[in-house]
Amino acid sequence: MIFFWAFVIGGLICVIGQIMFDVFKLTPAHTLCTFVVLGALLDAFGLYEPFIDFAGAGATVPITSFGNSLVHGAMAEAEKHGLVGVVTGMFEVTSAGISAAIIFGMIGALLFKPKG
Amino acid sequence: MLTGHRTWIFDKKPVIISTGTVVGPFEGKGNLARDFDLIHGEIWLNQDSFEKAHQVMLEEACQKAMEKANLQKDQIQFFLGGDLINQITPTSFATRTLGSPYLGLFGACSTSMEGLALSAFLVNYNGAKYILTGASSHNAAVEKQFRYPTEYGGQKPPTAQWTVTGTGVALVSPMGKGPQVTSATIGRIVDMGLTDPFNMGGAMAPAAVDTIEAHLKERNVDPSYYDLIVTGDLGHIGREVSLDLFKKHGTPIKEENYQDCGLLIYREGQPVLAGASGAGCSASVVYGHILNRMKKGELNRVLVVATGALLSPLSFQQKESIPCIAHAVSIENGGEEQV
Amino acid sequence: MDSVKNQSTSITNINAKKSINQTTANQAKELVIKRDDVTGVRGVNTNKELLIAIMVPQMDRFQLKAIEKSVKEELTKEYPDYKVQVSTDQKMFLELDILERKLEKGKTGEKELKKELGNIKSLMKEEA
Amino acid sequence: MSNKKKKKLTPVQQEYQAFQDQRETKRPVFKNCMKAFLTGGIICLIGQAIQTFYIYFFDFTDQTAGNPTVATLIFISMLFTGFGVYDRIAQFGGAGSAVPVTGFGNAVISAAIEHRTEGFVLGVGGNMFKLAGSVILFGVFSAFVIATIKTILITWGGL
């Protein structure tokens, strides 16, 4: 069941992105930034977690979850250390995505040539 | 001789004595493969960067043109050309190899005809005996600079055009055998306020129309004087828009005599969306395909209108509109060989 | 995946006589499965602790945290002597399922059970 | 285009833009959305499969399995980018391949591969985040603002 909903919710989030591309003529960069901010905002109101519970990877794989987990990490640390925690905890949860991108980016640059 | 505001009539009729065209693999699979001198199997050309490949392509095209005319490097008096890369380095570096005096040009995709018009002018007024002129572009190098990394997954809208990997050069001389350059009309900037860099055709169409109409008026000829009016890289949208503009202005241009290099070069089914573009597009198609057809006698009078969108990634990001330009050069078959 | 799906519709009663007394866990499971918003339960108890993993129907997963909380409250009220832990995590369900089967076979001693539970609990404490 | 922008244009420009608009090939929005749905859905489905795999065969819970899943997806994205397939998928899928984290990976990796010719320090290092950097910036900054406000409200507002 979760597989079905991961597909549907993940797909629907992408449809919203496509509408932003095609109807509002936003560049991919603008669209993705909007998504990340949106994810952070949704988490502020506690609306993103239920989404993840419901759709699993359908909610964690789209870039919106990046904003969500940044807020999450920041809030978790903030509970322990107050405002300082907001800064120190920021990447607690999201480090995997960014470090993977950096590491595989470097490996990619070592291994591949652009195909054109 | 200046006629009207911006048209030159070349009374000595400079001759295009030879040409050299080199293209990449994608163009080699297109409609005009037989018209190119050299088709590369891969876009790197065994170089370690796209920019170097770009430069090598131009060097090879110059070599081809000189070979065909039996000329040596030191006989070339001037090289006039350009490309789309920052500070036109590929062209400058290629000319470093060539060693001839050099005038670098930038007219975006209109560079080919800007170069031909100026070369013809220089030759017409005894400025030189042999001038090489050309323009080139390399798909990956241009994408890298103007858009995204080549492997980046950005969806291109149906209005986008595909930058040609190709180069075309022509050797212009006051004497010899070949099609003659009879007149040229220099374009002015036309900016209709369009800002979409993925719709160049739509932005450039008014510039092409402006130049063509000025040319016809100042040279005082009817569109039917030409067997073919060929634009540089308007693509589907630009061609359609410009045809409708002609209709609106009452300029009797027939659809079958009005073609676009950007639509000629690729085959139906190649994933190029609205057509081809790039400085190398008009250069390789005109110096390859169109001149071959003229030599065969299929065409006798051709007006080439190379269109250029003079934007940069910076100007686009600063939300500037896209200024466009078009230069027209008429190429005609002369009666007999000039001496 | 399929195996879990099938299991999730039922609960397993572990033989109370074998090794460690699982009566509390069995009773708790009977209680929890009656709820509409729970489709499957696994649970194990020691003499002090009660660990329960539940499966929630897809459409109720939006209220996952709330359901978890309410089940915990219900069980805490019912078994005040135990330290009750409730989880909706798939991993917890799987681990408890394995543990239940081991208990059923009677191969697990009290020491081993505590060790296993400790492992499971430390897994759950890890923040994402 | 906004009305404010339009006001700056001359009547001739406005007239031409309307003229051009009628002839411009329209983006097939519905078709694109369907493709985006399919592509994005499949990527998320693969993500779910990887996540389930990590939960079943490794010591990961629902909460912690997200991290290795993201890393694995980015690894797959690297292979697809390196072999020149990702840009093809993207031309078909549009936002479907840009919005999932694989698109983020693709943005980083494609820039890294592309600028290798400018050397590893200035080329790869300097350009790696030229596309994805804005996502990180806006993510981090908005998260900072939101978390700060929330923390202040909790601490002093007794929320």
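Just so it is clear: chains get the letters A, B, ... in the order the sequence lines come, proteins before strands, and each one is counted from 1. Note that these values count all heavy atoms, side chains included, but never hydrogens, waters or copies made by symmetry.
Interface remark: of the candidates A/Asp53, A/Leu12, A/Thr60, A/Leu12 forms the most heavy-atom pairs closer than 4.5 Å to chain D. Heavy-atom pairs under 4.5 Å with chain D were tallied for A/Val15, A/Ile9, A/Ile103; the largest tally goes to A/Val15. The candidate from D/Val70, D/Leu45, D/Leu73, D/Thr69 with the greatest count of non-hydrogen atom pairs under 4.5 Å with chain A is D/Leu45. Here A/Ala101 is the residue among A/Ala40, A/Gly17, A/Ala101 with the most heavy-atom pairs under 4.5 Å with chain D. Considering only heavy-atom pairs separated by less than 4.5 Å from chain D, the leading option among A/Leu110, A/Thr34, A/Ile19 is A/Leu110. Between chain A and the residues D/Val29, D/Thr117, D/Thr39, the most heavy-atom pairs under 4.5 angstrom are made by D/Val29. Chosen from A/Val23, A/Val8, A/Ile13, A/Leu111, the residue pairing most often with chain D at heavy-atom distances under 4.5 Å is A/Val8. Of the listed residues (D/Ile136, D/Asn106, D/Ile43, D/Leu131), the one with the most heavy-atom contacts under 4.5 Å to chain A is D/Ile136. The candidate from A/Gly67, A/Ala74, A/Ala44, A/Ala29 with the greatest count of non-hydrogen atom pairs under 4.5 Å with chain D is A/Ala44. In terms of heavy-atom pairs under 4.5 angstrom with chain A, the leader among D/Ala49, D/Pro28, D/Gly66 is D/Ala49.
Proximity to chain A is absent for every atom of D/Ile149, based on heavy atoms less than 4.5 angstrom apart. At a 4.5 Å heavy-atom cutoff, the contact between D/Val124 and chain A is made by side-chain atoms alone. Contact annotation for D/Ile42: both backbone and side-chain heavy atoms come within less than 4.5 Å of a heavy atom of chain A. A/Ala55 touches chain D through its backbone: at least one of N, CA, C or O sits under 4.5 Å from a heavy atom, while the side chain does not. Proximity to chain A is limited to the side chain of D/Phe129, based on heavy atoms less than 4.5 angstrom apart. When heavy atoms are compared at a cutoff of 4.5 Å, A/Ile16 does not approach chain D at all. Residue contact with chain A, scored on non-hydrogen atoms closer than 4.5 Å, is absent for D/Leu137. With a threshold of 4.5 angstrom between heavy atoms, D/Glu114 approaches chain A through its backbone and through its side chain. At a 4.5 Å heavy-atom cutoff, the contact between D/Met128 and chain A is made by side-chain atoms alone. For D/Ala132, no part lies under 4.5 angstrom from a heavy atom of chain A. Both the backbone and the side chain of D/Val101 come within less than 4.5 Å of a heavy atom in chain A. Only the side chain of A/Phe91 has a heavy atom closer than 4.5 Å to any heavy atom of chain D.
Here the CE-CD1 distance, from A/Met106 to D/Ile109, works out to 13.0 Å after rounding to the nearest 0.5 Å. In this structure, CG in A/Leu41 is found 4.0 Å from CD1 in D/Ile146, a value given to the nearest 0.5 Å. A/Glu79 CD to D/Thr151 OG1: the interatomic distance, rounded to the nearest 0.5 Å, is 8.5 Å. D/Lys31 contributes atom NZ, which lies 11.5 Å from atom CG of A/Asp22 (distance to the nearest 0.5 angstrom). Here the straight-line distance linking atom CD1 of D/Ile76 with atom CZ of A/Phe104 works out to 10.0 Å at 0.5 Å rounding.
Closest approach of D/Ile113 and A/Ala109 over heavy atoms only: CG1-N, 4.0 Å. Contact detail for D/Ala143 and A/Leu70: the closest heavy-atom pair is CB-CB, 3.6 Å. Closest approach of A/Gln18 to D/Asn32, counting heavy atoms only: NE2-CB, 3.4 Å. Nearest heavy-atom pair across D/Ala98 and A/Phe21 is CB-CZ, 4.1 Å. In this structure, A/Ala57 and D/Gly47 approach most closely via the heavy-atom pair CB-C, 3.6 Å. Across all non-hydrogen atoms, the minimal contact from D/Val99 to A/Leu32 is CA-CD2, 3.9 Å.
Taking a 6.0 Å sphere around CZ of D/Phe19, one finds it holds more than 12 heavy atoms contributed by other residues, nucleotides or ligands. In D/Phe80, the CZ atom is not crowded: 12 or fewer heavy atoms of neighbouring residues, nucleotides or ligands sit closer than 6.0 Å. Around CZ of D/Phe141, the count of heavy atoms belonging to other residues, nucleotides or ligands within 6.0 Å does not exceed 12.
In summary, of the residues considered (A/Cys14, A/Ser65, A/Pro62), a side-chain contact (heavy atoms from CB on, under 4.5 Å) with D/Pro100 occurs for A/Cys14 alone.
No donor-acceptor distance shorter than 3.5 angstrom exists from the side chain of D/Lys150 to the backbone of A/Met75, with no hydrogens or angles considered.
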Checklist line | Full working for side-chain contact (heavy atoms from CB on, under 4.5 Å) between A/Phe112 and D/Thr81 | finding: CA-CA 9 Å; A/Phe112 298 107; D/Thr81 306; over 6 Å; no

Checklist line | CA sep, side-chain torsions, deciding dist, call: D/Thr102, A/Val61, side-chain contact (heavy atoms from CB on, under 4.5 Å) | finding: CA-CA 8 Å; D/Thr102 47; A/Val61 170; 5.8 Å; no

Checklist line | Stepwise side-chain contact (heavy atoms from CB on, under 4.5 Å) test for D/Thr52 and A/Phe3 | finding: CA-CA 10 Å; D/Thr52 310; A/Phe3 283 85; 3.5 Å; yes

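Separation of the D/Phe37 and A/Phe7 ring centroids falls under the 6.0 Å cut-off.
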